[in-house]
Amino acid sequence: MTYEPMMVPSRKPNRTTRTVLIVVGVVLTVCCVVGVCGGFWFYRSIKDAVKPVRVATAAYIDDVRAGNYPAAYGRLCGEIRETMTQADFARIQAAQLKIGSYKIVGVYVNNSNGRVTGTSTVEMVQEATGARMTQTMVLVKEDGEWRVCQ
């Protein structure tokens, strides 16, 4: 008689580790994609919120720099226009040293109890002296437009 070895079925390889790693990789990829998309959406929404404040600030400063005081006066909020005439505004602005250059370095928008306000931080250089100064300008949203309300 001959001895025949008994056939033992081969073991199936354990694929649990590989499956877990694949699932973890997919979850991490999905999280990264969602995070990037959410971050991009957040950045765009913030940028869209502060852009009108930046534009209104630049327009006001450009009018003052050009000596176009009636246009600059028109960019002021109602509260200031009620307390100061256009002639007084023009006289005060004409008496100040001219702005040579400026840079808007910060813009902030706030909505508190339905009142929307903005703040712009502007670095300016005086034309005659070269002196540098930083000014914070407060803006309010009136009738759908941003107006300077220092």
Side-chain angles (χ1 to χ4, degrees), residues 11-150:
R11 297 186 97 199
K12 291 185 179 180
N14 189 356
R15 296 184 181 176
T16 305
T17 304
R18 185 177 75 167
T19 304
V20 168
L21 289 176
I22 289 173
V23 169
V24 168
V26 168
V27 168
L28 285 175
T29 302
V30 168
C31 288
C32 288
V33 168
V34 168
V36 167
C37 291
F40 181 71
W41 173 81
F42 183 70
Y43 170 76
R44 294 271 306 198
S45 64
I46 295 297
K47 183 179 173 188
D48 290 344
V50 299
K51 184 177 180 183
V53 175
R54 182 180 296 274
V55 169
T57 302
Y60 173 78
I61 295 172
D62 289 340
D63 286 342
V64 170
R65 286 179 63 202
N68 189 358
Y69 302 128
Y73 182 80
R75 297 183 190 280
L76 295 175
C77 68
E79 182 180 331
I80 291 182
R81 285 184 288 170
E82 288 176 5
T83 60
M84 181 187 313
T85 66
Q86 184 174 340
D88 289 341
F89 176 77
R91 183 176 38 78
I92 291 168
Q93 292 299 322
Q96 294 183 4
L97 293 173
K98 299 288 182 203
I99 300 168
S101 64
Y102 70 93
K103 180 179 180 184
I104 300 172
V105 294
V107 179
Y108 176 74
V109 176
N110 184 29
N111 186 347
S112 178
N113 294 329
R115 180 167 166 86
V116 181
T117 59
T119 306
S120 293
T121 304
V122 184
E123 292 179 353
M124 299 181 217
V125 178
Q126 291 179 338
E127 191 174 72
T129 64
R132 296 183 178 272
M133 62 182 170
T134 301
Q135 182 175 357
T136 301
M137 303 178 93
V138 177
L139 291 88
V140 296
K141 197 166 191 177
E142 289 180 349
D143 301 325
E145 292 184 30
W146 286 100
R147 300 190 179 275
V148 176
C149 202
Q150 299 180 2

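When a residue number appears, it is its place in the shown sequence, counting from 1.
- Here the closest heavy-atom approach between residue Ala94 and residue Tyr69 is recorded as CA-OH, 3.6 Å.
- The side-chain hydrogen bond (donor to acceptor under 3.5 Å, both in side chains) contacts involving residues 52-61 comprise Thr57-Ser120, where partners must be two or more places apart or lie in separate chains.
- Taking both residues in full, the closest heavy atoms of Leu139 and Ala56 are given as CD2-CB, 3.7 Å, listed atom of the first, atom of the second, then distance.
- A distance of 13.5 Å separates CD in Glu79 from CZ in Arg147, rounded to the nearest 0.5 Å.
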Dump the intermediate steps for side-chain contact (heavy atoms from CB on, under 4.5 Å) on Trp146 and Val109, then the final yes or no.
-> CA-CA 11 Å; Trp146 286 100; Val109 176; 4.3 Å; yes
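- The minimum heavy-atom distance between Arg65 and Ile99, with the atom names listed, is NE-O, 3.3 Å.
- A distance of 8.5 Å separates NZ of Lys98 from CD of Gln93, quoted to the nearest 0.5 Å.
- Between atom CD1 of residue Ile104 and atom CD of residue Gln135 there is a gap of 11.5 Å, rounded to the nearest 0.5 Å.
- Counting heavy atoms from C-beta outward, Met137 and Ile61 have side chains that approach closer than 4.5 Å.
- Here the straight-line distance linking atom SG of Cys77 with atom NZ of Lys141 works out to 15.5 Å at 0.5 Å rounding.
- To the nearest 0.5 Å, atoms CZ (Arg81) and OH (Tyr73) are separated by 6.5 Å.
- Scanning all heavy atoms of the two residues, the minimum distance from Cys149 to Val140 falls at CB-CG2, 4.1 Å.
- Side chain to side chain, Asp62 and Tyr102 meet the donor-acceptor criterion of an N or O pair below 3.5 Å.
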